[in-house]
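Reviewing the structure listed below.
Chain letters run A, B, ... following the sequence lines, proteins first, then strands; residues in each count from 1.
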There are 2 protein chains.
Amino acid sequence: MAEKDKVTIYDISKKLNISAATVSRALNNNPKISQKTKELVMKTAAKMNYKQNKLAQALKSGKTHNVGVIVPYINRNFFSSVIRGIEEELSPHGYHVIICQSHEDVNNEIKQIDTLLNTQIDGIFMSVAKTTQDTDHIEKVLKENTPLVFFDRKKDVTGLSSVTIDDFRGGYLATEHLIKQGCKKIAHFSGDLNLEIYKNRHEGYIAAMKDYGIEPIKEFSLQVNSKLESGASAIQDLWSEDEKPDAIFSASDYAALGAIQELKKMGVKIPEEVCVVGFSNEPFTKYMELPITSVDQTPVEMGRNAAKVFLEQIEGSKTLTIEKKVVLAPELYIRDSSNRNL
Amino acid sequence: MAEKDKVTIYDISKKLNISAATVSRALNNNPKISQKTKELVMKTAAKMNYKQNKLAQALKSGKTHNVGVIVPYINRNFFSSVIRGIEEELSPHGYHVIICQSHEDVNNEIKQIDTLLNTQIDGIFMSVAKTTQDTDHIEKVLKENTPLVFFDRKKDVTGLSSVTIDDFRGGYLATEHLIKQGCKKIAHFSGDLNLEIYKNRHEGYIAAMKDYGIEPIKEFSLQVNSKLESGASAIQDLWSEDEKPDAIFSASDYAALGAIQELKKMGVKIPEEVCVVGFSNEPFTKYMELPITSVDQTPVEMGRNAAKVFLEQIEGSKTLTIEKKVVLAPELYIRDSSNRNL
DNA sequence: TTGTATGCGTTATCAA
DNA sequence: TTGATAACGCATACAA
């Protein structure tokens, strides 16, 4: 059994003394094939342990049943969860998921799109890198008629669909919750405002403040990286001023955690003196001794929805391009870091 | 620009009035092609924006430059980190990574191996499901001459390579560390002993105890799921007896966390009265207020190494099958949950 | 209902 | 050094 040769439709056709075309048709359940031969072919195919060569099929049809997913890093909880959703939705339809990492660098994104297009994937899912400004590489995908679905971090390109959460609402909910806890001087740690998601969270924060008659203080809006240290140093900055916040709404769980650690170090009581809310509902937030309130982005659902949009697109008529914007509702998980009604 | 037709080597050959074969050879840097035509072809190919059709190439060569990775769930930190390592090592070599999830079910594993083989992947990486006992589906891969590399959770199949950490040593290190903290009555939460990794960690624990002249107590070895609740209820079980442990070495960080939470609830001081050590170095362990000591499995390195083994295998002579067992050194991260020398 | 012939885009073999 | 042709395995247009 040194070199198990692949059995092809020709082998079957020879054995049955019929043409390869008939075999192919029988295998594909072509309606104009007699039931008898169909069954015969099926049976002998099974007996000979025949397997379709997907490659040949793909070359013929132009469809590989592979899709590519481009994310900054695959081992971030959020992204791997989205990918899980995509995989689980697509796998029953016979698709395989290829993963690519941009490392937050547009240049990698460009290269990966190129090689993905080259290997003839049937579609691309992506969350753009922080450095992505220009969308030429993305429009190229559109021109090649390859479906592209954004998730979470999107760019506005006409003709392209996206699945996101309502980040504005996420920011609004978080802020409103803080206000209802009695907080008035709420600071916001925003991420990179080049990314829509952070801009929207920030705008949600501003809107909630205004809706409740609180004028947001400019100095209380800080751009903070998604890192513990950044959260900590932001706290130091804020506490070096006279006017100190009574709540932090961080667009990142990591920065929120860094803030909490720093506040504790300074002896500030949470949530009594300062309430803290994060964003993303990272696994660790619920495990802490002081569990952290956070906005969940339903990543698995996001992946499933992105997959559904893709399926609609390719199952729809070829000529019609669908541009669908799916916006999922974020969910606020209220935990001890901001809950004064314990 | 409605339907951008793909340019093929024929288009180039026509334009240059040479044969497609020559174009192909020039493109592949075949030595028996004049420098002049080579350059000419290259230049016009670039000008015409020619892209190789990987599919046709794959059909011809039988190599897709795709590999499959099968893991229980992709959104577990450990697995997604391994995949990151695989992807980063393989991507410069022109390989794409397809991900599959077994959901800890052998039947899925079987199906996925089937479809992966069907789509002609060049290799498979996998961490077996908990329920996997039989290895028929794995031996099938071997018979088809497709390289298969196990990582972390392996099965002993002759001819197959694997990359793991030294779980025995991990268990030994953790236990030794606890003994050096002055603990003598060390309990062990093992995972499913059907999996080698858990068996080995357990054996490392036993060996360390004996090496230090401590007779392990049978009742202190419990099979505990990788869940918070399981860790908590294991603590309840242990503390319902007269003889109570002064340390817990859990083969799972989640069970360790559950144990810590339960112990705190009972007013037991950590690490003064009981030291706790986990396994996997999950991100949350270092974020806790009481950071948890844990054994790191260097998942990204594991992925990189698995990829290297694969590359060696396919770059080596076709007839020779390599069976390589790479064992990485685990690293103990000592944190407050077990550190009495603060 | 089935068979014949052709093409998908490459690459490899054999001639020239 | 280059060209013509076959082959990879399948699916389809056309013919029968």
Side-chain angles (χ1 to χ4, degrees), chain A residues 3-42 44-45 48-66 94 117-122 144-145, chain B residues 3-42 44-45 48-66 94 117-122 144 318:
Chain A
E3 185 76 23
K4 203 171 198 171
D5 310 80
K6 299 286 177 193
V7 12
T8 73
I9 49 171
Y10 280 90
D11 299 323
I12 300 179
S13 76
K14 262 179 230 157
K15 179 156 229 162
L16 262 41
N17 265 325
I18 54 176
S19 76
T22 305
V23 175
S24 170
R25 285 188 273 246
L27 256 18
N28 289 320
N29 202 24
N30 188 308
K32 35 178 86 173
I33 289 284
S34 77
Q35 197 56 32
K36 214 190 294 181
T37 42
K38 220 178 255 182
E39 279 166 15
L40 185 63
V41 168
M42 290 299 203
T44 48
M48 296 175 74
N49 195 29
Y50 166 79
K51 304 277 176 198
Q52 278 189 317
N53 184 326
K54 299 278 184 191
L55 241 45
Q57 225 176 215
L59 177 60
K60 190 91 227 293
S61 68
K63 300 279 162 236
T64 55
H65 277 77
N66 286 156
L117 251 24
N118 225 235
T119 55
Q120 323 269 80
I121 38 72
D122 293 353
E144 301 231 350
N145 276 321
Chain B
E3 185 76 21
K4 203 172 199 170
D5 309 81
K6 298 286 177 194
V7 12
T8 73
I9 48 172
Y10 278 91
D11 300 323
I12 301 178
S13 76
K14 261 179 233 158
K15 180 157 229 160
L16 261 41
N17 264 325
I18 56 178
S19 77
T22 305
V23 175
S24 170
R25 283 188 275 247
L27 254 18
N28 289 319
N29 203 24
N30 187 308
K32 37 178 84 172
I33 288 284
S34 77
Q35 197 58 33
K36 212 190 296 180
T37 42
K38 219 178 258 184
E39 278 166 16
L40 185 64
V41 169
M42 291 298 203
T44 47
M48 296 174 74
N49 195 29
Y50 166 79
K51 303 278 176 197
Q52 279 188 316
N53 184 326
K54 298 278 183 190
L55 240 45
Q57 228 176 210
L59 177 61
K60 193 90 225 295
S61 67
K63 301 278 161 237
T64 54
H65 278 78
N66 285 156
L117 251 24
N118 225 234
T119 55
Q120 323 269 80
I121 38 70
D122 293 353
E144 302 230 349
K318 307 295 158 195

(request) Would you confirm whether A:T64, through its side chain, and A:Q120, through its main-chain N or O, come within 3.5 Å as a donor-acceptor pair? (result) yes

(request) Specify the residue among A:N53 and B:V23 whose closest nucleotide of DNA chain D lies further upstream toward the 5′ end. (result) B:V23

(message) Need to verify one output field. Residue with the more 5' nearest nucleotide on DNA chain D, B:A56 or B:A20?
(response) B:A20

Which atom of [X] lies closest to which atom of [Y], heavy atoms considered:
X	Y	answer
A:N118	B:Q52	OD1-O, 3.3 Å
B:K38	B:N29	NZ-OD1, 3.1 Å
B:T22	B:I33	CG2-CD1, 3.9 Å
B:I9	B:S24	CD1-CB, 4.3 Å
A:A20	A:S13	N-CB, 3.6 Å

Hey, is the side chain of [X] poking within less than 4.0 Å of OP1 or OP2 on [N], counting only N and O atoms?
X	N	answer
A:T22	C:dG3	yes
B:Q57	C:dT11	yes
B:S61	C:dT11	no
B:Q52	C:dG9	no

Name the closest nucleotide to the [X] side chain, picking from [options].
X	options	result
A:S24	D:dT2, D:dG9, D:dT12	D:dT12
A:Y50	D:dC10, C:dT2, D:dA4	D:dC10
B:T8	D:dG9, C:dT2, C:dG9	C:dG9
B:L59	D:dT2, C:dT4, C:dG9	C:dG9

(request) Would you mind classifying the nucleic acid contact of A:T37 as base, sugar-phosphate or nothing, using non-hydrogen atoms under 4.0 angstrom? (result) sugar-phosphate

(message) Using a heavy-atom cut-off of 4.0 Å across all strands, would you classify B:K51 as base, sugar-phosphate, or nothing?
(response) sugar-phosphate

For [X] and [N], what is the distance between atoms [atom1] and [atom2] respectively, to the nearest whole Å?
X	N	atom1	atom2	result
A:L55	C:dT10	CG	P	14 Å
A:K32	D:dC14	NZ	C1'	10 Å
B:K63	D:dG9	NZ	P	13 Å
B:R25	C:dA16	CZ	P	15 Å
A:I9	D:dA7	CD1	P	16 Å
B:Y10	D:dT5	OH	C1'	9 Å
B:Q120	D:dG9	CD	C1'	10 Å
B:I18	D:dT1	CD1	P	14 Å

(message) On the side chain of B:K60, is there an atom forming a donor-acceptor pair with the base of C:dT11 - under 3.5 Å, no angle test?
(response) yes

